[in-house]
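Okay, structure first, notes after.
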There are 2 protein chains.
Amino acid sequence: MASGTQKESDERYRVQSVERALHLVEAIAECSPDGLTVTELSRNLKVSKSTAYALAQTLVSNGFLRELYPGPRYQLGLSLLRLGDLVARQIPLGDTYRPILLKLTERTGLTSRAAISEGGYPIFVERVDGPGTVRFHTLLGHREEPHASAAGKAILSTLPTEEVMQICKDQGMPRRTRNTITEISVFLDDLERTRRRGFSIDDEEDADGVFCIGAPFFDHSGRCLGAISVTGIKVDAPSWKMQELGHVVAEHAAQLTARFNGTQPPWTGSSPLREDGHSEVEEM
Amino acid sequence: MASGTQKESDERYRVQSVERALHLVEAIAECSPDGLTVTELSRNLKVSKSTAYALAQTLVSNGFLRELYPGPRYQLGLSLLRLGDLVARQIPLGDTYRPILLKLTERTGLTSRAAISEGGYPIFVERVDGPGTVRFHTLLGHREEPHASAAGKAILSTLPTEEVMQICKDQGMPRRTRNTITEISVFLDDLERTRRRGFSIDDEEDADGVFCIGAPFFDHSGRCLGAISVTGIKVDAPSWKMQELGHVVAEHAAQLTARFNGTQPPWTGSSPLREDGHSEVEEM
DNA sequence: TTAGGGTGTTTGTTATTACCGAACATGGTA
DNA sequence: TACCATGTTCGGTAATAACAAACACCCTAA
């Protein structure tokens with residue numbers, strides 16, 4: 001549903017006009033950077049023009065939106081830049097990620113990202129774009145599908161089975177591509193493979209032609225803090241190369257763990273190569 | 001007043017509950033990263049506990065705030081990170097600033113920032129922290145005082161006198177430190193010196209012990225797009241060193257202008273050194 | 001030029017709904 | 001245990017958010 005996946009704070013205690021105002025901001029965010037006019041907003045939110053107008057004016061006067069002339073189009077305002085920067089700065093040890101991602105991108109030539117775990121869901125908090133011409137539309141603060149992203153699978157691979165099943169039930173396992181895993185039993189098998197090899201693979205499971213490889217990092221008690229991942233287009237890395245990339249990613253994740261004075265749980269990295277060779281890559 | 005400096009879109013057309021919700025976000029931003037409780041929020045906004053509760057719940061359910069236990073404290077939410085990142089990405093030619101700021105910081109050892117001009121006011125859109133242990137609390141999206149910041153003075157130095165006086169009248173020239181320029185005539189003199197030497201100096205005018213040096217950059221028509229500046233603590237750069245720093249900053253600003261295929265207006269940099277030597281630095 | 005359809009803005013009016021105060025639940029402390 | 005501080009829930013009431021309709025202002029086409 002609309003915004004339902006978070007903890008469902010009772011709907012009775014929500015303020016309609018505020019809810020509408022926030023949806024208005026989101027609507028503009030989706031149409032960025034072009035922005036929307038009052039009429040478009042009113043249609044989008046299914047409210048009267050005058051209501052949309054009043055909401056937009058309120059947001060503008062507080063810097064959450066800005067009016068672009070002519071024909072006033074509303075764009076995201078600079079308060080959001082300031083508040084977003086503030087959030088970025090208060091991410092625990094936020095400065096730590098960038099240097100390691102830079103190294104990872106330099107080594108692999110791929111876009112790399114760091115996500116922290118929010119109740120098992122990956123939230124991306126840092127990004128280093130690769131040198132290639134391909135740019136991925138990845139936003140900080142974005143929450144990816146836990147079952148169809150490398151970061152999500154890396155994080156889930158560290159959690160007990162019951163928690164994984166709970167998250168999958170809450171979130172559902174919607175199909176994103178032909179390769180998306182939508183069966184819980186298949187997914188649990190995949191997490192088991194992830195644990196054994198020490199890194200996760202999203203092989204065109206979230207978007208066609210795009211792969212990701214991720215690995216988790218840990219705090220001092222061995223709890224998973226989040227995951228890092230690299231993203232590329234499939235032609236850049238055929239399946240036989242993923243094994244190699246996986247070890248590089250896992251190695252950098254281990255460096256992050258070390259920076260946090262963390263400890264790898266005993267079962268990770270214990271068998272970087274499976275008994276039966278590299279079949280786990282090809283069988284997906 | 002509260003948020004008065006922006007264009008005063010008629011107060012009749014604002015919705016109260018949304019206004020309160022946004023102020024609530026700002027209140028939390030000011031107390032970040034600790035966050036605030038419902039009771040603190042209600043006191044801060046001068047509304048009843050139940051109202052603050054409803055507003056906060058609405059913001060939480062949309063990801064603008066997050067609830068931290070115990071004793072639910074409300075913090076800024078990850079939607080703000082995502083929206084802020086989106087704004088950052090749609091800044092015109094946003095990728096251009098960082099490499100030049102990196103060079104500037106490497107060369108000077110100081111924190112450097114880029115601001116774009118929003119109707120003559122400087123809005124910071126990029127930042128590269130210096131290697132020192134001193135960190136300045138500078139936020140992207142923040143609007144600094146035009147009359148008491150190096151970036152502001154650099155931008156204003158490119159505008160006609162009437163516009164400068166209008167902005168000073170709108171904004172006022174509040175005193176921030178002992179050194180703040182609060183007299184319009186003195187300020188206009190300072191802008192004239194800035195034009196002649198090609199860079200602006202904020203010598204403890206915004207914060208005690210902190211100096212900034214800025215220089216404007218231009219588009220193809222010679223209009224000022226914004227300014228870059230470096231920031232440091234006074235002990236790192238006594239007055240005699242500012243002249244030298246100024247030329248480095250101005251040089252990097254010129255590189256930015258070149259990147260934008262811009263043109264320096266004829267009167268800039270025409271006399272990088274004043275007739276009477278370096279006295280302008282000491283007389284402040 | 002004029003008519004038309006599209007804006008954004010302004011205006012009352014109505015009933016929705018946001019707000020408050022008070023009651024309830026909870027947790028820590030003396 | 002009683003107390004005082006929270007956070008949460010409830011119902012009544014009046015403020016106010018939302019709407020429709022009118023207005024002003026472009027454009028474009030006839």
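Chain letters run A, B, ... following the sequence lines, proteins first and then strands; every chain starts at 1.
- Look at CG on A:Leu36: it is 13 Å from P on C:dT7, rounded to the nearest Å.
- To the nearest angstrom, C1' of D:dT16 lies 16 Å from CZ of B:Arg14.
- Per the geometry, OH belonging to B:Tyr53 stands 17 Å off C1' belonging to C:dG21, to the nearest Å.
- Rounded to an integer number of Å, the gap from OH of B:Tyr69 to C1' of C:dG28 is 18 Å.
- Interatomic distance, B:Asn62 CG to A:Glu26 CD, rounded to the nearest 0.5 Å: 7.5 Å.
- The interatomic distance linking A:Arg20 (CZ) with D:dT16 (P) rounds to 17 Å, in whole Å.
- Within 4.0 Å (heavy atoms only), A:Arg73 reaches no atom of the nucleic acid at all.
- Map B:Lys49 and A:Lys49 each onto its nearest nucleotide of DNA chain D; the residue landing nearer the 5' end is B:Lys49.
- Here the shortest heavy-atom pairing between B:Asp129 and A:Arg89 reads OD2-NH2, 4.0 Å.
- Among C:dT9, C:dC19, C:dC20, the nucleotide with an atom closest to any side-chain atom of A:Glu67 is C:dT9.
- In this structure, A:Leu55 atom CG and C:dT9 atom C1' are separated by 15 Å, rounded to whole Å.
- In this model, a side-chain donor or acceptor of A:Ser50 finds a partner on the base of D:dA20 within 3.5 Å.
- Distances from the side chain of A:Val47 to the nucleotides C:dT9, C:dC19, D:dC19 place D:dC19 closest.
- Electrostatic pairing of A:Glu40 and A:Arg73 counts as a salt bridge here, judged by a charged N lying under 4.0 Å from a carboxylate O.
- Taking only side-chain atoms of B:Thr37, from C-beta outward, the nucleotide of D:dG7, C:dT9, C:dG21 with the closest atom is D:dG7.
- Atom-to-atom, CD of B:Gln57 to P of D:dT8 comes out at 6 Å; the value is rounded to the nearest Å.
- Distances were taken from every side-chain heavy atom of A:Pro72 (C-beta onward) to each of C:dT7, D:dT6, C:dG8; the shortest belongs to C:dG8.
- Residue A:Tyr74 is the one, among A:Val18 and A:Tyr74, whose nearest nucleotide of DNA chain C lies closer to the 5' end (criterion: closest heavy atom).
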Evaluation steps, salt bridge (charged side-chain N to carboxylate O under 4.0 Å, His left out), between B:Arg176 and B:Asp208: CA-CA 9 Å; B:Arg176 307 262 307 168; B:Asp208 283 317; over 6 Å; no
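- For B:Arg43, taking side-chain heavy atoms from C-beta onward, the closest of the listed nucleotides D:dC19, C:dA18, D:dT6 is D:dT6.
- Nucleotide D:dT16 holds its C1' atom 15 Å from the OH atom of B:Tyr13, rounded to whole Å.
- Nucleotides of DNA chain C nearest to A:Gln16 and A:Glu40 differ in position, and the one nearer the 5' end is that of A:Glu40.
- Using cut-offs of 30° and 60° on the angle between ring planes, the pair B:Phe260 and B:Phe217 is tilted.
- In terms of phosphate contacts, B:Thr51 brings a side-chain nitrogen or oxygen within less than 4.0 Å of OP1 or OP2 of C:dC20.
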